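Below is one structure; the comments refer to it alone.
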Amino acid sequence: MTTLTRADWEQRAKTVQIETRAFIHGEYTGAVSGETFDCISPVDGRLLGQVASCDLADAELAVRDARAVFESGVWSRLAPVKRKAVMIRFADLIDAHAEELALLETLDMGKPISDSLSVDVPAASSAIRWSGEAIDKIYDEVAATPHNELGLVTREPVGVVAAIVPWNFPLLMTCWKLGPALSTGNSVVLKPSEKSPLTAIRLAQLAIEAGIPAGVLNVLPGFGHTVGKALALHMDVDTLVFTGSTRIAKQLMIYAGESNMKRVWLEAGGKSPNIVFADAPDLQAAAEAAAGAIAFNQGEVCTAGSRLLVERSIKDQFVPMVVEAIKAWKPGNPLDPATNVGALVDTTQMNNVLSYIQAGHDDGAKLVAGGKRVLEETGGTYVEPTIFDGVDNAMRIAKEEIFGPVLSVIAFDSEEEAVAIANDTIYGLAAAVWTNNLSRAHLVGKALRAGSVWINQYDGGDMTAPFGGFKQSGNGRDKSLHAFDKYTELKATWIKL
Ligand code: NAD
Ligand code: MN
């Protein structure tokens with residue numbers, strides 16, 4: 001995909017233009033207060049820029065503008081076939097700027113440049129393109145009415161959508177929201193994470209270039225407790241869509257209840273079980289997948305396979321295979337195309353992960369791989385992929401979302417016990433099952449309380465399948481046509497003939 005070397009990327013990192021301002025009504029602008037916050041790269045601790053720190057005043061401006069543009073109809077009432085064309089142009093522009101966006105993402109949040117280029121950017125443009133392509137192929141309904149009535153069941157855009165997104169896949173999570181939100185005709189006020197604002201800020205300009213009218217997409221960088229809270233409490237935001245932690249997700253429901261009862265759609269945390277039965281078709285493939293499920297993206301993945309449930313009869317054989325497989329995942333400079341584990345997003349997150357590793361020791365789990373901070377001399381925040389064996393599901397490292405590369409291995413003796421342990425969590429985002437037994441695959445798959453279930457693989461899926469959580473992993477779904485439900489109101493119109 002790219003022939004750029006580490007030296008090329010480092011050279012580009014020195015010269016890349018970094019836009020740090022908010023984006024309101026088609027223009028970059030500082031925060032009303034003039035405040036900024038430092039954007040520090042976790043790659044090496046270097047200051048990337050000072051980013052506009054938006055708050056209530058900026059939220060007021062952006063929401064007012066988003067509402068006015070929505071009411072004007074310039075986007076909301078545009079023929080779907082025309083919105084489609086603009087969305088496809090937007091996706092093409094994201095692809096055309098792939099290297100620039102990938103570099104910004106890697107510098108800002110520390111993921112390997114190879115992943116930014118091969119995963120984040122193409123999946124982001126695909127989310128925009130897929131949603132755009134769908135919009136002129138969706139039909140409304142006619143109700144089964146008596147002869148002298150006509151009942152129309154139609155979908156309308158909700159109006160002003162506030163989108164609050166996290167830092168682990170900043171561009172991708174943004175585009176999972178923007179694809180269906182914009183395709184259905186809404187105006188959006190986007191708040192990226194204060195830990196990863198750069199790609200969202202850049203994206204706003206590409207939207208304008210694609211032909212999305214000014215004011216339809218506004219971007220407000222800043223903190224959760226300032227601008228995020230202002231949007232969540234805003235009386236003129238119709239729908240709030242969120243990806244982030246369960247703790248903040250719950251708070252957003254309170255804000256909605258305290259304000260205008262805006263619709264709230266939440267994609268939150270996970271503690272996903274990866275269940276390996278003795279009859280797995282290919283233990284080597286299962287071991288490699290288990291390693292990747294916790295090491296990919298430094299374990300900063302909502303669906304990370306952070307609990308590895310292994311049938312006791314194969315545990316002594318299987319765990320060493322996982323320990324061997326995880327050696328292929330080594331922290332290194334994210335700008336090196338050969339690196340597959342980058343830096344954790346910041347010092348706070350690194351210290352949090354290290355404190356969970358300490359908790360694993362304290363609670364009596366047995367460290368069998370990793371366990372340390374590395375590459376400290378770089379000024380960056382790197383932690384080795386880490387495996388604890390002998391974990392009990394009640395330990396902190398098995399119960400709490402670590403959001404880092406720390407794997408808990410838990411033994412089980414029967415199918416029933418595997419399901420019971422897997423479901424013994426407040427979360428319900430994803431789960432995987434490795435077995436050669438067709439009936440067991442389906443029966444365990446049905447018994448798992450999770451929004452995504454993978455059989456004999458980890459982390460399958462694309463834009464065609466819905467993504468989201470059961471229980472405290474959230475509500476509603478991103479991706480697929482099901483995502484459109486979040487961005488539209490359903491209207492029944494009765495006509496007396
Ligand atoms: P976070 O909840 O700390 O922050 C998410 C966003 O919410 C950020 O933009 C933040 O600024 C904002 N925020 C924080 N406090 C706020 C407040 N009081 N009001 C309004 N906004 C506020 O989460 P994070 O650390 O950025 O991301 C990690 C979390 O995201 C993990 O729990 C992970 O599982 C989850 N995640 C879930 C999915 C999914 O699809 N289910 C995908 C990726 C990440
Ligand atoms: Mn950052």
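By convention here, the first residue in the shown sequence is residue 1. If you're wondering where the values come from, they're calculated on a predicted model, not measured in any experiment. Every number for a ligand or one of its atoms is a count from 1 in the order of the listing.
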inquiry  = Taking Glu300 first and then Lys195, would you say they form a salt bridge - that is, a charged N and a carboxylate O separated by under 4.0 Å?
reply    = no
ask   = How far is atom 20 (C) of ligand 1 from its nearest protein heavy atom, and which residue and atom name does that atom have?
value = Gly228 C, 3.3 Å
request  = Just jot down the ligand 1 atoms closer than 4.0 angstrom to any heavy atom of Thr243, in number order.
outcome  = 5 (C), 36 (N), 37 (C), 38 (C), 39 (C), 40 (O), 42 (C), 43 (C), 44 (C)
Side-chain touch Ile40/Arg46, heavy atoms, less than 4.5 angstrom = no
query = Which pair of non-hydrogen atoms, one from Val63 and one from His234, has the smallest distance, and what is that distance?
reply = CG1-CE1, 3.5 Å
task = Specify the protein heavy atom at minimum distance from atom 3 (O) of ligand 1: its residue, its atom name, and the distance to 0.1 Å.
result = Ser245 OG, 4.0 Å
remark   = min-distance protein heavy atom vs atom 9 (O) of ligand 1 -> Val165 O, 2.8 Å
task = May I ask you to check whether Trp176 and Phe169 place their ring centres under 6.0 Å from each other?
result = no
inquiry  = Using the rule salt bridge (Lys or Arg N to Asp or Glu O under 4.0 Å), only one of Arg477, Arg155, Arg263 pairs with Asp485; which is it?
reply    = Arg155
remark   = Taking only non-hydrogen atoms of Ser193 and a 4.0 Å limit, the atoms of ligand 1 in range are 9 (O)
ask   = Just wondering, is there an N, O or S atom on Asp108 that's nearer than 2.8 Å to the Mn ion (ligand 2)?
value = yes
request  = Counting heavy atoms only, name the option from Gly269, Ala200, Gly224 that's nearest to atom 16 (C) of ligand 1.
outcome  = Gly224
request  = Kindly state if atom 27 (O) of ligand 1 has a protein heavy atom within a strict 4.0 Å cut-off, that is, under 4.0 Å?
outcome  = yes
ask   = What do you reckon, does Trp167 have a nitrogen or oxygen under 3.5 Å from a nitrogen or oxygen of ligand 1?
value = yes
inquiry  = Pairs of nitrogen or oxygen atoms closer than 3.5 Å, one from Asn168 and one from ligand 1: do any exist?
reply    = no
key: CG-OG distance between Leu308 and Ser272, expressed to the nearest 0.5 angstrom   = 12.5 Å
request  = Please identify which atoms of ligand 1 are closer than 4.0 Å to at least one heavy atom of Leu429.
outcome  = 41 (N)
message = Can you name the atoms of ligand 1, numbered from 1 with element, that are less than 4.0 Å from a heavy atom of Glu194?
response = 10 (C), 11 (O)
key: atom 12 (C) of ligand 1: nearest protein contact (heavy atom, Å)   = Ile164 CG2, 3.6 Å
inquiry  = Tell me the contacting part of Leu252 for ligand 1: side chain, backbone, both, or neither, using a 4.0 Å heavy-atom threshold, strictly below.
reply    = side chain
message = If you measure every N or O of Gly244 against every N or O of ligand 1, does any of those distances drop under 3.5 Å?
response = yes
ask   = Does ligand 1 have any atom that is closer than 4.0 Å to a heavy atom of Val345?
value = no
message = If only side-chain N and O atoms count, and only distance matters, is there a donor-acceptor pair under 3.5 Å linking Lys229 with Gln251?
response = no
query = Checking side-chain contact (heavy atoms from CB on, under 4.5 Å) for the pair Ile294/Ser306: CA distance, chi angles, key distance, verdict?
reply = CA-CA 6 Å; Ile294 196 64; Ser306 52; 3.9 Å; yes
inquiry  = Any heavy atom of Gly469 closer to ligand 1 than 4.0 angstrom?
reply    = no
task = If you have a sec, work out which protein heavy atom is nearest atom 33 (C) of ligand 1 and how many Å separate them, to one decimal?
result = Phe403 CE1, 3.1 Å
ask   = Taking the side chain from Ser187 and the backbone from Arg67, do they hold a donor-acceptor pair closer than 3.5 Å?
value = no
query = Does a side-chain heavy-atom distance below 4.5 Å link Ile113 with Pro334?
reply = no
request  = Could you tell me the residue and atom name of the protein heavy atom closest to atom 41 (N) of ligand 1, and the distance to it rounded to 0.1 Å?
outcome  = Ala268 O, 2.8 Å
ask   = Without hydrogens or angle criteria, can the side chains of Glu401 and Tyr427 be said to hold a donor-acceptor pair below 3.5 Å?
value = no
key: Interfacing atoms of ligand 1 (cut-off 4.0 Å, heavy-atom, Cys302)   = 33 (C), 34 (O), 36 (N), 37 (C), 38 (C), 39 (C), 40 (O), 41 (N), 42 (C), 43 (C), 44 (C)
request  = Answer yes or no: does an N/O atom from Glu401 fall short of 3.5 Å to an N/O atom of ligand 1?
outcome  = yes
request  = Give a yes or no answer on whether the side chain of Ser452 reaches the backbone of Ala430 with a donor-acceptor pair at less than 3.5 Å.
outcome  = no
key: Where ligand 1 meets Phe467 - atom numbers and elements under 4.0 angstrom, heavy-atom basis   = 39 (C), 40 (O)
message = Checking contacts here: is it the side chain or the backbone of Arg247 that comes within 4.0 Å of ligand 1, counting heavy atoms only? Could be both or neither.
response = neither
task = Check Met395 against Asp363 and note the closest heavy-atom contact, atom names and distance.
result = CE-O, 3.3 Å
request  = Establish, from distance only, whether the side-chain atoms of Thr425 and Lys471 form a donor-acceptor pair under 3.5 Å.
outcome  = no
message = Does the residue Tyr255 have a heavy-atom contact with ligand 1, meaning some pair of atoms that are separated by less than 4.0 Å?
response = yes
message = Which residue and atom name correspond to the protein heavy atom nearest atom 15 (N) of ligand 1, and how close is it?
response = Ile248 CD1, 3.4 Å
key: Cationic N near anionic O, under 4.0 Å, Arg6 to Glu10   = yes
query = Would you say the side chains of Thr106 and Ser116 form a donor-acceptor pair under 3.5 Å?
reply = yes
task = Could you tell me whether the Mn ion (ligand 2) has an N, O or S atom of Lys195 under 2.8 Å away?
result = yes
message = Under 4.0 Å, heavy-atom basis, I'd like to know which part of Pro166 is in contact with ligand 1: side chain, backbone, both or neither.
response = both
